[in-house]
Amino acid sequence: CPSIVSHEGVIYVIGGRQSKAIAIRAGGKGDVTDSHRLWEAKAGANVCSPVIHDGHLYWVSDRNKVAYCVRLKDGEVIYAERFPNQPYASPLLGDGKLYIVTRNGGTYVLAASPEFEQLAHNELDDHSTFNASPIAANGRLLLRSDRFLYCIGR
């Protein structure tokens with residue numbers, strides 16, 4: 001299941017069989033559907049968690065292979081772009097870029113911007129499966145597959 005993310009007192013949840021994104025103001029008790037739900041959008045994922053950057057929520061759905069950008073303040077889906085490969089990993093945000101590791105199709109680098117832009121696509125020719133989220137450490141990118149651990153840097 002996607003992890004819940006929060007920002008400035010609002011909790012953002014994506015996922016479920018109905019493929020929804022929901023924003024809920026924190027601090028309520030009991031059923032807060034009417035009192036604390038801020039918005040709901042038709043966009044979700046079953047596995048990948050979103051990241052927050054500059055007033056937007058970003059992720060690529062493992063379920064329908066769509067890259068999403070949703071505006072935090074009102075839940076408007078800014079873009080929903082078809083994506084070429086399936087991720088299970090959650091995106092990594094770094095240096096104004098989103099790193100999207102797909103299961104068998106390499107790593108994509110997208111601009112962390114409300115306009116969809118693919119900046120790069122890199123592949124490793126080892127025929128393994130990548131399900132783990134990437135990690136940045138000391139200027140390097142760590143990628144784990146079902147067979148190897150990679151450290152990529154200069």
Original post:
Which value, rounded to the nearest 0.5 Å, describes the distance between Asp31 atom CG and His36 atom NE2?
Top reply: 11.0 Å

Original post:
According to a 4.5 Å side-chain heavy-atom criterion applied to Ile, Leu, Val, Met, Phe, Trp and Tyr, with indirect links allowed, do Val10 and Val32 form part of one hydrophobic cluster?
Top reply: no

Original post:
Looking at CD1 of Ile24 and CD1 of Ile4, how far apart are the two atoms once the value is rounded to the nearest 0.5 Å?
Top reply: 7.5 Å

Subject >> Heavy atoms of other groups near Arg144 CZ, more than 12 under 6.0 Å >> reply: no

**OP:** With rounding to the nearest 0.5 Å, note down the distance linking CZ in Arg37 to CD1 in Ile11.
**Re:** 14.0 Å

Subject >> Taking every non-hydrogen atom, the tightest pair across Ile14 and Cys48 >> reply: CD1-O, 3.4 Å

Original post:
Can you check whether Tyr99 reaches Leu143 side chain to side chain, under 4.5 Å on heavy atoms?
Top reply: no

**OP:** Please indicate whether Asn138 has more than 12 foreign heavy atoms, meaning atoms of other residues, nucleotides or ligands, lying under 6.0 Å from its CG.
**Re:** no

Subject >> Working for side-chain contact (heavy atoms from CB on, under 4.5 Å), residues Tyr150 and Asp126 >> reply: CA-CA 11 Å; Tyr150 291 94; Asp126 72 353; 2.5 Å; yes

Original post:
Should Val51 and Tyr68 be regarded as members of a common hydrophobic cluster, given that ILVMFWY residues are connected when their side-chain heavy atoms come within less than 4.5 Å of each other, either directly or indirectly?
Top reply: no

Original post:
So which heavy atom on Cys151 is nearest to which on Arg140, and how close?
Top reply: SG-CD, 3.3 Å

Original post:
With a 4.5 Å heavy-atom cut-off, do Thr102 and Gln86 have their side chains touching?
Top reply: no

Original post:
Crowded around Leu124 CG? As in, over 12 foreign heavy atoms under 6.0 Å?
Top reply: yes

Original post:
Roughly how far, to the nearest 0.5 Å, is the CD atom of Glu117 from the CG atom of Leu119?
Top reply: 4.5 Å

Give the table of side-chain donor-acceptor pairs shorter than 3.5 Å for residues 77-85, with sequence neighbours excluded, one pair per line with atom names and distance.
residue	atom	partner	partner atom	Å
Arg82	NH1	Asn64	O	2.4
Arg82	NH1	Lys65	O	3.4
Asn85	ND2	Tyr108	OH	2.5

Original post:
If only atom types and distance count, is the side chain of Asp74 paired as donor or acceptor with the main-chain N or O of Glu76 below 3.5 Å?
Top reply: yes

Original post:
Is a side-chain N or O of Asp62 found less than 3.5 angstrom from the main chain of Tyr88, in a donor-acceptor match?
Top reply: no

Subject >> Check: Asp146 main-chain N/O paired with Thr129 side-chain donor or acceptor under 3.5 Å >> reply: no

Original post:
Where do Ser90 and Pro134 come nearest, in terms of heavy atoms and distance?
Top reply: O-CD, 3.5 Å

**OP:** Indicate the atoms forming the closest heavy-atom contact of Ala45 with Pro2, along with that distance.
**Re:** O-CG, 3.5 Å

Subject >> Joint hydrophobic cluster, Ile152 plus Ile135, side-chain heavy atoms closer than 4.5 Å >> reply: no

Original post:
Are any non-hydrogen side-chain atoms of Phe116 and Cys69 less than 4.5 angstrom apart?
Top reply: no

Throw together a table of side-chain donor-acceptor distances under 3.5 angstrom for residues 52-60, partners on residues two or more places apart or in other chains.
residue	atom	partner	partner atom	Å
His56	ND1	Asp54	O	3.0
Tyr58	OH	Ser113	N	3.3
Tyr58	OH	Ser113	O	3.4
Trp59	NE1	Gly44	O	3.1

**OP:** Grab the two heavy atoms, one from Arg147 and one from Ser128, that are nearest each other, plus how far apart they are.
**Re:** CD-CB, 3.7 Å

Original post:
Do the side chains of Ile22 and Leu72 join up, straight or via other hydrophobic residues, at under 4.5 Å, putting them in one cluster?
Top reply: no

Original post:
Going through the checks in order, is the side-chain contact (heavy atoms from CB on, under 4.5 Å) test met by Arg103 and Asn131?
Top reply: CA-CA 6 Å; Arg103 298 188 78 204; Asn131 290 332; 2.7 Å; yes

Original post:
Under 4.5 Å between side-chain heavy atoms, hopping through other hydrophobics if needed: is there a path connecting Leu38 to Val5?
Top reply: yes

